[in-house]
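Position 1 is the first residue of the sequence, and the numbers go up from there. Quantities reported herein were computed from a predicted structural model and do not represent experimental measurements.
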Amino acid sequence: MTELTTEHARRAIIEHTGRLAEAAAAAGPDAAVPTAPEWTVTDLVAHVGQTQHWTAQIIERRITDPADLPTDVPDLPADPGRWAEWLAESSVRVASAFSDDALDAQVFNAAGDERSGARFWLINELNESVVHAFDGAGAAGGPPRADIDAAVAAELVGHHLAMLTSPTWAALRPESAHAIRGTGQVLQLRATDTADGDGAWFVERRPDGATWRPGSRPADVTVTGTAGALLLTLTRRIPLGAGDGAGVGVEGDAGLVRHWLDNTAHVAD
């Protein structure tokens with residue numbers, strides 16, 4: 001699997017947040033966000049900037065207990081003309097919080113996996129900036145920019161699966177965690193553009209909960225596409241089987257993939 005370096009992740013957070021700022025300026029504050037139907041551009045910008053400040057506090061304060069998670073974040077500036085500067089400040093703050101010294105800090109990890117808390121939050125913030133920059137581009141009315149770096153997208157696919165199979169997800173979204181159980185069905189994802197050519201992940205839907213691992217195995221359905229297309233499909237930003245070269249191929253039980261997608265939406269999405 002292509003390795004995503006910390007510096008690459010930091011730069012990508014700032015880059016994709018900048019893309020969002022550009023799209024927000026083009027769309028206007030009241031524009032609807034087609035890929036997040038409950039939101040306007042104002043909601044989108046507020047969410048990204050405030051989440052970045054919130055996450056920066058977690059790392060800066062080395063918070064280990066979820067009961068101590070931040071409850072205060074800066075307000076979105078009332079003047080949309082200040083949004084680009086505000087987003088630049090928030091993205092630089094959160095990227096800078098993930099210093100080399102901070103990366104192994106034992107802060108709260110919402111996925112409960114083997115990563116240090118800081119490494120979890122680094123990838124979580126990368127996900128926020130990448131996916132919501134795509135949302136912003138759609139709100140601006142032009143073709144959304146799907147040119148997501150393969151190493152970034154591959155890391156985010158694994159992160160997405162880690163969250164959906166985590167104890168935190170089961171606690172906060174029990175209906176989703178229950179729905180994605182099964183009797184041993186296997187869903188395979190294969191990226192076509194990772195540097196070593198073998199970016200792959202599989203999900204096994206067990207009676208006691210879904211699990212995931214990197215790698216390949218025999219599957220009931222295999223979904224193939226660029227890492228970026230897989231990420232955008234999993235996060236429901238592009239429809240399964242979308243055209244124009246942006247979609248993915250499905251071999252096997254397509255209903256298994258559709259059921260997964262239908263039952264793994266985030267509340268804010």
Side-chain angles (χ1 to χ4, degrees), residues 9-56 73-95 123-150 152-153 155-157 159-160 163-164 225-248 261-262 264-269:
R10 294 185 191 113
R11 290 197 310 268
I13 289 171
I14 295 171
E15 174 193 347
H16 284 269
T17 305
R19 292 188 185 187
L20 171 60
E22 294 173 2
D30 297 326
V33 182
T35 45
E38 300 295 320
W39 284 2
T40 65
V41 166
T42 298
D43 298 320
L44 185 63
V45 171
H47 171 77
V48 171
Q50 290 175 340
T51 299
Q52 289 176 344
H53 282 296
W54 183 80
T55 300
V73 291
D75 291 333
L76 175 70
D79 179 4
R82 295 183 54 206
W83 288 359
E85 178 184 5
W86 187 72
L87 285 172
E89 290 172 354
S90 65
S91 64
V92 169
R93 180 187 180 187
V94 76
I123 303 307
N124 197 68
E125 278 310 305
L126 179 59
N127 182 76
E128 289 281 324
S129 61
V130 168
V131 173
H132 290 316
F134 184 87
D135 289 335
R145 295 180 63 177
D147 53 331
I148 303 170
D149 178 87
V152 168
E155 187 76 23
L156 296 183
V157 169
H159 179 77
H160 179 79
M163 280 305 301
L164 293 177
T226 65
L230 291 175
L231 173 67
L232 294 172
T233 300
L234 288 171
T235 55
R236 296 157 308 281
R237 265 54 193 186
I238 58 176
L240 186 66
D244 301 325
V248 298
L261 296 176
D262 289 344
T264 53
H266 288 258
V267 173
D269 293 349

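Ionic pairing of Glu15 and Arg19 is present here: one or more N-O contacts between side-chain nitrogen and carboxylate oxygen are shorter than 4.0 angstrom.
Under the 4.5 Å side-chain criterion, counting only non-hydrogen atoms from C-beta, Leu156 is not in contact with Thr235. Residues Phe134 and Ile148 fail the side-chain proximity criterion, which asks for heavy atoms closer than 4.5 Å. In this structure the side chain of Asp43 never reaches within 4.5 angstrom of the side chain of Val33, judged on heavy atoms. Within the 4.5 Å cutoff, the side chain of Thr40 has no heavy atoms near those of the Asp30 side chain. Glu89 has its side chain within reach of Glu85: a pair of non-hydrogen atoms, C-beta onward, lies under 4.5 Å apart. Side-chain contact check for Val130 versus Leu231: some heavy-atom pair is nearer than 4.5 Å. With a 4.5 Å cut-off on side-chain heavy atoms, His16 and Leu20 do not count as touching.
Going from atom CH2 of Trp86 over to atom OG of Ser91 covers 11.0 Å, rounded to the nearest 0.5 Å. Within the model, atoms OG1 of Thr233 and CD1 of Ile238 stand 3.5 Å from one another, a figure rounded to the nearest 0.5 Å. Considering CD of Glu22 and CG of Leu87, their distance stands at 11.0 Å, rounded to 0.5 Å. Atom CD in Glu128 sits 10.5 Å away from atom CD1 in Ile13 (nearest 0.5 Å).
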Problem set entry | Audit row: Thr264, Arg236, side chain to side chain contact (heavy atoms under 4.5 Å, CB included) steps and yes/no | CA-CA 9 Å; Thr264 53; Arg236 296 157 308 281; 3.7 Å; yes
For this session: Could you walk me through whether Asn127 and His160 pass side chain to side chain donor-acceptor pair (under 3.5 Å), step by step?
Result: CA-CA 8 Å; Asn127 182 76; His160 179 79; 5.7 Å; no
Problem set entry | Worked verdict on Arg93 versus Gln52 for side chain to side chain contact (heavy atoms under 4.5 Å, CB included) | CA-CA 8 Å; Arg93 180 187 180 187; Gln52 289 176 344; over 6 Å; no
Problem set entry | Residue pair Glu125, Thr51: steps toward the side chain to side chain donor-acceptor pair (under 3.5 Å) verdict | CA-CA 8 Å; Glu125 278 310 305; Thr51 299; 5.5 Å; no
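More than 12 heavy atoms of other residues, nucleotides or ligands shown are found within 6.0 angstrom of CZ on Arg11.
In terms of heavy-atom proximity, Ala153 sits nearest to Gly228 at CB-N, 3.5 Å. In terms of heavy atoms, Ala12 sits closest to Leu126 at CB-CD1, 3.5 Å. Of all the heavy atoms in Ala95 and Arg10, the pair that sits closest is O-CD, 3.7 Å. Of all heavy-atom pairs spanning Ala27 and Ala139, the tightest one is CB-O, 3.6 Å. The two residues Ala140 and Ala23 make their nearest non-hydrogen contact at CB-O, 3.7 Å. Nearest heavy atoms, Ala78 versus Pro80: O-CD, 3.2 Å.
Ring geometry for His47 versus Trp39: interplanar angle of 30 to 60°, hence tilted.
When each of Val45, Thr42, Val41, Asp79 is tested with Pro29 by the rule side-chain contact (heavy atoms from CB on, under 4.5 Å), just one qualifies, namely Thr42. The residue from Val131, Asp135, Leu44 that alone fulfils the side-chain contact (heavy atoms from CB on, under 4.5 Å) condition with Thr35 is Asp135.
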